[in-house]
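Written out below as structure tokens is the structure these notes cover.
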Amino acid sequence: MMRALIFAAGAAAGFVAGTRAGRETYDKMRGRSNELWHNPAVQDKIIPTVQDKATGAAAVVKEKAPHLQETVGGLAEKVTNRGQSESSGQVSATPPGSSPSASTPATDEPTRPPTAPGDQPRSPEV
């Protein structure tokens, strides 16, 4: 029992000493990285590189935007026409495969997400 107690005390002391040394090392690395980042030679090299990457990214976005617009427009049209019946041309109020009572609340209470099997029903919020 005494050996376990001595081991635990040694481990605790090592942990405390290690975290202090670790913090000092971390602070030292952080200070060096800040010095490096704010070095004018590094900034002179980084700024043009970042500007070139941003210009290239803007060109890619301009190139892809028309295709994206067509794709999103097509998807929006699919969603809009999803509930229409081909024969009657009328829009259905409920999505296919669902019943009107399941999608329309019976009262003026806000709708709540369905509960999983085994979940306890929640009481209405006041």
Side-chain angles (χ1 to χ4, degrees):
M1 181 70 173
M2 188 62 149
R3 287 184 184 169
L5 188 59
I6 292 172
F7 176 79
F15 176 77
V16 170
T19 54
R20 286 186 185 153
R23 180 65 186 196
E24 289 173 12
T25 304
Y26 167 76
D27 288 339
K28 203 180 289 185
M29 287 177 7
R30 184 172 163 218
R32 286 184 184 163
S33 67
N34 279 337
E35 288 174 14
L36 179 64
W37 179 252
H38 295 293
N39 185 338
V42 172
Q43 291 296 313
D44 290 343
K45 211 169 205 179
I46 294 291
I47 290 174
T49 303
V50 171
Q51 286 175 340
D52 290 344
K53 295 282 185 184
T55 303
V60 169
V61 168
K62 285 181 183 178
E63 178 185 323
K64 302 281 184 178
H67 174 67
L68 181 63
Q69 184 179 8
E70 291 172 12
T71 303
V72 171
L75 291 174
E77 191 166 327
K78 276 185 180 178
V79 169
T80 303
N81 296 333
R82 182 177 179 192
Q84 289 184 351
S85 170
E86 289 182 24
S87 61
S88 67
Q90 295 178 350
V91 178
S92 171
T94 59
S98 66
S99 66
S101 62
S103 63
T104 307
T107 64
D108 291 335
E109 291 183 26
T111 58
R112 299 178 193 265
T115 57
D119 284 351
Q120 297 295 326
R122 295 187 293 187
S123 62
E125 298 171 6
V126 178

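Starting from 1, each residue takes its place in the sequence as its number.
- A distance of 12.0 Å separates CG of Asp52 from CD1 of Ile47, quoted to the nearest 0.5 Å.
- Atom OG1 in Thr49 sits 11.0 Å away from atom CG in Asp44 (nearest 0.5 Å).
- In this structure, Val42 and Trp37 approach most closely via the heavy-atom pair CG1-O, 4.4 Å.
- Considering CD of Gln43 and CG of Leu36, their distance stands at 9.5 Å, rounded to 0.5 Å.
- If you run side-chain contact (heavy atoms from CB on, under 4.5 Å) between Arg32 and each of Lys28, Arg30, Met29, only Lys28 comes through.
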